[in-house]
There are 4 protein chains.
Amino acid sequence: MPKVSDEHLEMRRDQILESARACFARKGFHQSSMQDVIKESGLSAGAIYRYFKSKDDIIAALAARTAGSLDRLLEEITAQEPMPPLEEILGQYAAAVVDNAGPDGAIRLAPHAWSAALASPELLDGARQPMAGLRAHLVRLAERMQVEGLLAADADPHAVGATLLCFLPGFVIQYLLLGDIDARTIRSGLHALLAPDAT
Amino acid sequence: MPKVSDEHLEMRRDQILESARACFARKGFHQSSMQDVIKESGLSAGAIYRYFKSKDDIIAALAARTAGSLDRLLEEITAQEPMPPLEEILGQYAAAVVDNAGPDGAIRLAPHAWSAALASPELLDGARQPMAGLRAHLVRLAERMQVEGLLAADADPHAVGATLLCFLPGFVIQYLLLGDIDARTIRSGLHALLAPDAT
Amino acid sequence: MPKVSDEHLEMRRDQILESARACFARKGFHQSSMQDVIKESGLSAGAIYRYFKSKDDIIAALAARTAGSLDRLLEEITAQEPMPPLEEILGQYAAAVVDNAGPDGAIRLAPHAWSAALASPELLDGARQPMAGLRAHLVRLAERMQVEGLLAADADPHAVGATLLCFLPGFVIQYLLLGDIDARTIRSGLHALLAPDAT
Amino acid sequence: MPKVSDEHLEMRRDQILESARACFARKGFHQSSMQDVIKESGLSAGAIYRYFKSKDDIIAALAARTAGSLDRLLEEITAQEPMPPLEEILGQYAAAVVDNAGPDGAIRLAPHAWSAALASPELLDGARQPMAGLRAHLVRLAERMQVEGLLAADADPHAVGATLLCFLPGFVIQYLLLGDIDARTIRSGLHALLAPDAT
DNA sequence: CATGAATGAGGCTTCATTCAT
DNA sequence: GATGAATGAAGCCTCATTCAT
C-alpha cells in the first residue's frame with residue numbers, strides 16, 4: 001500500500017494546510033489556536049499531529065507553499081511575450097492580489113508570515129527565499145527592459161528590481177489595510193509617474 | 001513615593017512604552033510576554049498595570065505613538081521647499097527607515113502592527129488611520145507635482161499617491177527581510193525608472 | 001482516551017463538582033483557589049476547564065445542584081402522610097442539616113452561597129429560586145395545617161410559611177457557628193413553644 | 001497631645017470602619033478590594049494601614065462592632081417591661097433588620113461575616129460570641145416566660161432559646177434574598193403559630 | 001504624620017501537545 | 001491508524017501591603 005498511502009498522506013496534508021490557511025488568514029498565527037485548525041479541518045487533534053510535527057511545522061509548510069504559488073504567479077506575469085509595459089505588469093500583480101484577498105484568501109497570510117518571520121529566526125529563511133525569488137524575477141525584468149531600450153543602459157538592474165519589489169508587499173499591505181484601491185489605481189498611478197514629464 | 005509630578009507619570013509611561021517597543025520590535029507582540037516587557041522595563045508587574053490597562057492597551061498606545069512619528073517624518077520630507085525630486089523624497093524616507101531598523105528600532109514594530117491589525121478588528125482602525133494619513137501626504141505631493149508641471153495635468157493625484165504609498169511599507173518589508181538594500185538602491189532604481197525612456 | 005460515554009462525561013462533572021464542593025465547603029468560594037479544587041479532584045487544570053467554563057460556572061452548577069437536593073429533602077419531609085406535627089417536621093429538617101454538616105458537607109456551602117449571592121447580581125437569582133421553592137413547600141404545609149384544623153382558619157398561610165422558613169437558614173447558621181444544638185433541641189424547643197400555654 | 005491624639009485616632013478608625021462597612025455590605029469582603037475601601041474613605045492607602053494592621057483586621061473590628069450593636073438591640077427588645085408577647089419581640093427584631101438592610105446597611109454584613117467565619121478559624125470566634133450572646137438573651141427570655149407562666153414549667157429554656165435564635169439569622173437571610181417579607185409577616189405568622197390550636 | 005507609587009506573589013485560564021484506548 | 005480527553009507550563013492580570021518622599 002505504498003502508493004495509496006503516499007497519496008492519502010499528501011491529501012491529508014493538503015486538507016490540513018487548507019484549513020490552517022483559512023484560520024491563519026482570518027486571525028493570524030497566534031490568534032488561531034490549534035483547536036481552531038482542528039475544528040476547521042474536521043479531523044482530530046491526533047490526526048493533525050500525525051501529519052505535522054507541530055503548529056510551527058504547519059506554519060512553515062504553509063509559508064513554503066504560498067511562497068511557491070506567488071513565485072509562479074510573478075514568473076508568469078514577468079515572462080509574458082512580448083513584454084507588457086511596467087504598469088501592466090504591476091497592474092496584473094495587483095489584480096492577482098485583489099483576487100486572493102477574500103476573507104480566507106491566501107494573500108492575507110502574507111503580513112502574518114512577514115511578522116512571524118521577523119519574530120523568529122527559524123521562520124526567517126522561509127520568508128526570505130520567496131522574497132529574494134520575487135526580486136530575482138524583477139531584476140530579470142529590468143534586464144529585459146534594458147535590452148529593449150526601455151531603461152537606461154547604465155541603470156543598475158538590481159537597484160531597479162529592488163525598487164520594483166517594494167510595490168509588491170507594499171500593495172498587499174495598503175490593500176489589506178485600506179481596501180480602497182485596486183489594480184486600476186496602480187495602473188493609472190504608474191502610468192502617470194512613468195510617462196515622460198508633462199510638458 | 002507620594003504624589004509625583006505629571007512629568008514623572010509621563011516619563012513612566014514613556015519608559016514602559018520604550019521597553020515594550022524594544023521587546024515587541026524584537027519578537028513581535030505575541031512572542032513577547034508581559035514578563036519580558038516587565039523585565040525590560042525594570043519595573044514590577046503591578047507598576048506596569050498602573051499605567052496601562054492591559055497588554056493590548058500598551059500595543060495600542062505604541063502603535064499610536066509610532067504612527068504619529070512616521071507621519072511627522074513623512075510630512076517633513078514631503079513638505080520640503082523647493083520640492084525635491086521624487087527619487088530624493090522616497091530616498092530620504094528609505095534612509096529614515098534604515099536608521100530606525102536597528103535590533104530594537106521602531107520600524108521593526110510596523111510589520112507586527114500590520115499583522116496584528118489584520119487579525120483583530122479592535123486594532124484595525126489604529127493601523128488604518130496612519131496609513132491613510134501617509135497617503136494623504138503623498139496625494140498632496142502629487143498635486144504639487146502637477147502644479148509644478150512634473151506630472152501630467154490629467155493624472156489622478158489620488159492614484160499617484162496610492163501608487164507611491166506602496167513604496168513605503170514595501171521598502172520596510174523588503175529591507176527588514178532581506179536587508180541588502182538601502183536608500184541609495186531606491187534612489188538609483190527610481191532615478192532609472194523615472195528618467196525619460198532611454199534613447 | 002478517545003470517545004467516551006456520556007456517562008463518563010457526567011461522572012467527570014460529578015467528580016469535579018464533588019471536589020469543588022469539598023473545597024468550597026471547607027474554605028468558602030474565594031479562599032479556595034482553583035489550584036485547590038484541581039488538586040482535590042486529582043485532575044489537571046486543563047481537564048477541569050473542559051467541563052466548566054470558569055470558576056463561577058462551577059459555583060453556579062454547585063449551587064443549582066445543592067439547591068435541588070435541599071428542595072427534594074424538604075419536599076419529602078413536608079409531604080409525609082399523615083402530616084407529622086410541626087416540631088417533627090422541622091426536627092427532621094434539622095436532623096438532615098446535622099447529617100450533612102460534616103467537614104466537607106453540602107450544608108456548609110449554604111452560608112457561602114448566600115454571601116456570594118448577596119455580593120453578585122449574577123448569582124442572586126440562583127440563590128433566590130431555591131429559597132422561594134422552600135417557602136412554597138412551607139406555605140403548602142400551612143395550608144394543610146389549616147385544612148386539618150391545626151391552624152386558625154383566618155391565618156395567612158403565606159405569612160406562616162415565611163415565618164417557618166426562617167427556621168431553616170437560621171438553624172443552619174446557628175448550628176454551623178455554635179454547633180452545640182441538634183434536632184432534639186429544636187424538637188423540644190418547638191414543642192414547648194407550640195404547646196398550649198402552660199396553665 | 002495624648003487625649004487629642006486618642007480621639008483623633010478613634011475618629012479615624014471610625015471613618016475607616018464606616019467606609020469599609022459600606023463597601024463590604026455592598027459587595028462582600030472579597031469582592032471589595034482595599035482600593036475600594038480606600039477610595040470610599042477618602043484617605044490614602046498608607047493612612048489606612050496606620051490604623052489597621054490588615055484587611056482582616058478591619059473585618060474583625062467591623063464584625064466586633066456590628067455584633068455589639070446587634071447585641072444591644074436584642075437586649076433592649078427582650079428586656080422590655082412588661083414583657084411583650086413573643087410575636088412582638090421577634091417582630092421588633094425583624095423591623096430592626098429591615099431598617100438596617102439598605103444598600104450599605106449594617107445588616108448586609110451579617111451573611112458575609114458568617115461565611116467568612118466559617119471559612120477561617122481566625123474569624124470564627126469573632127462570629128460565635130455574638131451569636132452565643134444573642135442566644136443568652138433568648139434563653140433568659142424563655143426563663144422569664146416560664147416565670148410568667150407563658151411556658152411549661154418543664155420546658156428547657158436553653159432549647160427554647162436556641163429554637164428562637166433560629167429566627168434571627170433566618171429572617172436576615174430570607175429578607176435579604178427574597179425581600180418580600182417584613183415585620184408584619186413575622187408577627188402575623190407567629191401569632192397564628194403560637195395561638196392555641198384552632199377550634 | 002500622610003501619601004500613593006511600587007511591589008510581587010498568586011489567582012484564573014488557555015493551549016500546544018500527548019497517549020491510552 | 002484514528003480519536004479526543006487529558007496534561008501542565010506559562011500567560012495575563014489583581015491586589016494586599018510597604019516605604020521613600
Side-chain angles (χ1 to χ4, degrees), chain A residues 1 5 8-9 12 29-39 42-59, chain B residues 1-5 8-9 12 30-39 41-58, chain C residues 1-5 8-9 12 30-39 41-58, chain D residues 1 5 8-9 12 29-39 42-59:
Chain A
M1 64 192 76
S5 192
H8 180 77
L9 192 136
R12 274 279 196 261
F29 296 130
H30 297 288
Q31 272 81 0
S32 305
S33 66
M34 282 302 291
Q35 218 35 244
D36 292 336
V37 174
I38 288 162
K39 225 175 287 171
L43 297 176
S44 68
I48 302 274
Y49 278 87
R50 176 162 294 280
Y51 297 100
F52 292 95
K53 224 173 50 244
S54 67
K55 188 181 186 181
D56 281 356
D57 195 23
I58 296 180
I59 292 175
Chain B
M1 295 159 202
K3 195 76 178 177
V4 123
S5 66
H8 178 82
L9 260 60
R12 273 279 190 263
H30 297 288
Q31 274 81 1
S32 306
S33 69
M34 281 305 292
Q35 235 11 265
D36 292 336
V37 174
I38 287 161
K39 228 173 284 170
S41 74
L43 295 175
S44 65
I48 303 277
Y49 282 88
R50 164 173 288 278
Y51 294 95
F52 294 94
K53 237 182 24 254
S54 65
K55 186 180 185 181
D56 280 356
D57 196 23
I58 296 182
Chain C
M1 293 160 202
K3 194 73 177 181
V4 123
S5 67
H8 178 82
L9 260 60
R12 273 279 189 263
H30 297 287
Q31 273 83 358
S32 306
S33 69
M34 280 306 290
Q35 238 7 268
D36 292 336
V37 175
I38 288 161
K39 228 173 284 169
S41 74
L43 295 174
S44 65
I48 303 278
Y49 280 87
R50 163 173 288 278
Y51 294 96
F52 294 94
K53 237 181 26 255
S54 67
K55 187 181 184 180
D56 280 356
D57 195 24
I58 296 181
Chain D
M1 67 192 74
S5 190
H8 180 76
L9 192 137
R12 275 279 198 260
F29 296 129
H30 298 286
Q31 272 81 1
S32 304
S33 69
M34 282 303 291
Q35 218 35 246
D36 292 335
V37 174
I38 288 162
K39 226 174 286 168
L43 297 175
S44 67
I48 302 274
Y49 278 87
R50 175 162 295 282
Y51 295 101
F52 291 94
K53 225 175 46 247
S54 67
K55 188 181 185 181
D56 281 355
D57 196 22
I58 296 181
I59 292 175

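This structure is a prediction, so every number in the text was calculated from the model and none was measured. These numbers come from the heavy atoms of this one structure, side chains and all, not from hydrogens, waters or symmetry mates. Sequence lines set the chain letters: A, B, ... in the order given, protein chains first and strands last, and positions in each chain run from 1.
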* What distance, rounded to whole Å, do you find between the two P atoms, one in E:dC1 and one in F:dT21? -> 22 Å
* Nearest nucleotide by nearest heavy atom, which residue falls closer to the 5' end of DNA chain E, B:Leu9 or A:Gln35? -> B:Leu9
* Please report, rounded to the nearest Å, how far the P atom of F:dC15 is from the NZ atom of B:Lys53. => 15 Å
* **Among E:dT14, F:dA2, E:dA2, the nucleotide that comes nearest once only the side chain of A:Arg50 is considered** => F:dA2
* Asked: Taking the side chain of D:Ala45 as its heavy atoms from C-beta onward, which of E:dG4, E:dT13, F:dC13 lies nearest to it?
  -> E:dG4
* Which atom names give the shortest non-hydrogen contact between D:Phe29 and D:Lys55, and what distance separates them? -> O-NZ, 2.8 Å
* Structure fact -> Sorted by position of nearest nucleotide on DNA chain F, 5' first, the leading residue of B:Ile38 and C:Tyr51 is C:Tyr51
* From F:dC13, E:dA6, E:dA16, pick the nucleotide closest to the side chain of A:Ser33? -> E:dA16
* Asked: How close or far is atom P of F:dT14 from atom CZ of D:Phe29, stated in whole angstroms?
  -> 23 Å
* Asked: Taking atom C1' of F:dT21 as reference, at what distance in whole Å does atom NE2 of B:His8 sit?
  -> 11 Å
Please tabulate, for side-chain N and O atoms in residues 31-38 of chain B, each donor-acceptor pair with protein atoms closer than 3.5 Å (sequence neighbours left out).
| from | atom 1 | to | atom 2 | distance (Å) |
| --- | --- | --- | --- | --- |
| B:Gln31 | OE1 | A:His30 | NE2 | 3.4 |
| B:Gln31 | NE2 | A:His30 | NE2 | 2.8 |
| B:Ser32 | OG | B:Cys23 | O | 3.1 |
| B:Ser32 | OG | B:Gly28 | O | 2.7 |
| B:Ser33 | OG | B:Gln35 | N | 3.3 |
| B:Ser33 | OG | B:Asp36 | N | 3.1 |
| B:Ser33 | OG | B:Asp36 | OD2 | 3.4 |
| B:Asp36 | OD2 | B:Lys27 | NZ | 3.0 |
| B:Asp36 | OD2 | B:Ser33 | N | 3.0 |

* **Length of the line joining A:Ile48:CD1 and E:dC19:C1', which is rounded to integer Å** => 17 Å
* What's the spacing between D:Tyr51 OH and D:Arg12 CZ if we round to 0.5 Å? -> 5.0 Å
* Nearest of F:dG11, F:dT18, E:dA16 to any side-chain atom of A:Lys55? -> E:dA16
* Structure fact -> Separation of F:dA16 atom C1' from D:Phe52 atom CZ, nearest Å, is 16 Å
* Out of F:dA16, E:dA9, E:dC12, whichever nucleotide has its closest atom nearest the side chain of D:Tyr49 -> F:dA16
* Can you name the side-chain contact (heavy atoms from CB on, under 4.5 Å) partners of D:Ser54, sequence neighbours left out? -> D:Asp56, D:Asp57
* Structure fact -> Whole-Å distance, B:His30 NE2 to E:dC15 P, equals 11 Å
* To the nearest Å, give me how far apart CD1 (A:Ile58) and P (E:dC15) are. => 15 Å
* Residue A:Met34, side-chain atoms from C-beta onward, closest of E:dA16, F:dT18, F:dG8 -> E:dA16
* Asked: With nearest nucleotides of DNA chain E determined for B:Gly46 and C:Ser32 from heavy-atom distances, which residue corresponds to the more 5′ nucleotide?
  -> B:Gly46
* Watson-Crick and G-U pairing of DNA chain E written in dot-bracket, each distance under 3.5 angstrom, with | for inter-strand partners -> .||||||||||||||||||||
* C:Leu43 side chain: which of E:dA6, F:dT7, E:dT13 is closest? -> F:dT7
* Structure fact -> Here the distance between atom P of F:dA5 and atom CZ of C:Arg12, to the nearest Å, is 11 Å
